2 protein chains.
Amino acid sequence: MLPAAGLSIGEAALRLGVSVHTLRYYERDGLLNVPRLPAARETETVQPPDSRHAQRRYGESELSLLRFLLVLRGTGMPMSLIRRYMALVRAGEDTVAERRELLVSHQRAVTAQIAALGENLKAIEQKIVKYDRAGGCAPLPASEGTSCETTGGH
Amino acid sequence: MLPAAGLSIGEAALRLGVSVHTLRYYERDGLLNVPRLPAARETETVQPPDSRHAQRRYGESELSLLRFLLVLRGTGMPMSLIRRYMALVRAGEDTVAERRELLVSHQRAVTAQIAALGENLKAIEQKIVKYDRAGGCAPLPASEGTSCETTGGH
DNA sequence: GCTTGACTTCGAGTGCGCTCCAGGGGGTAC
DNA sequence: GTACCCCCTGGAGCGCACTCGAAGTCAAGC
């Protein structure tokens, strides 16, 4: 349960499978805030550094936030909506209803997207089958005889 | 079965659900060639126009090519690959094997994409469920009593 | 002290797929 | 003839999500 002071940006990037550029970009773009080092550390040199130039530390909470962020990105939610969602998360528990609404609407979009992809996939597979039938005559596989006319079509 | 001289670019765009800009862009980008008017027409003015400035006519063959092109685009195939595929189509029947290969590889990509989307969708749905359980206490629906602690999490 | 390496900032650059614009053609309607 | 509408071209612009570069900071190792 202890935050254990978290990972550096490089480690976090590695673990999440994105670039450090992307992580910084997300923060710059207002998607989330990441705490910085100077708070408490084992050996305390005189001063925590310059306050800018302070290194980010990614704890469990940031990581799980980012994991979900990547889920949203991975389903094509635009940055602007993600920004809104993350702001709601930061704003506390009484934004749950609105967050839910946002996710439900996105869920519908994703479902539709999957359906459309499935349709298109079907069309691609049909074309492949057509090529299989046509290709039995010339190049690759040797199967039993079907008529080998090139009756139009691509 | 007769080509009936085909549609204008505006009509084709309307029918395919894209903009005329996009159709011209596809052609400019080498995805396909579209025949032009000046061949044979009812009233022949002295000269068929300037040869540039000649209007495109979209016949069944162009339309079905475009429909499949849109399937490929709709599944995220990049323009460069589509260009290759379309070149193979133009090149004639003995490119069928290579076309097939291209489509099969894309098919795999789309299948993977759908799977990934499904995974992400699951994560989103779980989050929604979590919000449902949390939200029973405060804002929207009134259901029977579950414990209403906010035990961590976004 | 100097180098190395991972971090910091801000701003500019990239790639993709359109999308739009200026400037012009040409045919039909009034 | 001139208004209208759809068509043409080449090139510029846009939105998105990164991606990279220059210049600087800091801690650790030799």
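The sequence lines fix the lettering, A, B, ..., with proteins before strands; numbering per chain opens at 1. All values derive from a computational prediction rather than experimental measurement.
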Side-chain donor/acceptor of Glu11(A) to backbone N/O of Ser8(A), under 3.5 Å:
yes
Taking dC20(D), dC8(D), dC18(C) as options, the one with an atom nearest any side-chain atom of Arg24(B) is dC8(D)
I want to check one thing: is the phosphate of dT9(D), taken as OP1 and OP2, less than 4.0 Å away from some side-chain N or O of Arg36(B)?
yes
Taking the side chain as every heavy atom from C-beta outward, state whether Val129(B) and Glu125(B) have any atom pair closer than 4.5 Å.
no
Using a heavy-atom distance cut-off of less than 4.0 Å, which residues of residues 110-120 of chain A contact DNA chain D?
none
Can you tell me if the side-chain N/O atoms of Ser8(A) get under 4.0 Å from OP1 or OP2 in dC7(C)?
yes
Worked verdict on Glu119(B) versus Lys122(B) for salt bridge (charged side-chain N to carboxylate O under 4.0 Å, His left out)
CA-CA 5 Å; Glu119(B) 286 302 304; Lys122(B) 229 189 299 178; 3.5 Å; yes
Among dC7(C), dT19(D), dC8(D), which is the nearest nucleotide to the side chain of Ile9(B)?
dC8(D)
At under 4.0 Å, does any side-chain N or O of Tyr25(A) touch on OP1 or OP2 of dC20(D)?
no
Determine whether Val18(A) and Tyr26(A) make a side-chain contact, defined as any pair of heavy atoms from C-beta on separated by less than 4.5 Å.
no
Quick check for you: among dA17(D), dC7(C), dC10(C), whose closest atom lies nearest to any side-chain atom of Arg28(A)?
dC10(C)
For the backbone of Gln107(A) and the side chain of Thr111(A), can you confirm whether one donor and one acceptor N or O come within less than 3.5 Å of each other?
yes
Side-chain atoms of Arg56(B) come closest, of dT9(D), dC20(C), dC18(C), to dT9(D)
To the side chain of Met79(B), which of dT19(D), dT8(C), dG17(C) is closest?
dG17(C)
Report, as yes or no, whether the 6.0 Å neighbourhood of atom CZ on Arg15(A) holds more than 12 heavy atoms from other residues, nucleotides or ligands.
no
Considering only dT19(C), dC8(D), dC18(D), which nucleotide approaches the side chain of Thr22(A) most closely?
dC18(D)
Nearest to the side chain of His21(A), which nucleotide is it out of dA17(D), dT9(C), dT19(D)?
dT19(D)
Given 3.5 Å as the limit, does a donor-acceptor pair link the side chain of Arg100(A) with the main chain of Tyr131(B), or not?
no
Take atom CD of Glu27(B) and atom P of dG10(D), then tell me their distance rounded to the nearest Å.
11 Å
Taking atom C1' of dT19(C) as reference, at what distance in whole Å does atom CG of Leu23(B) sit?
13 Å
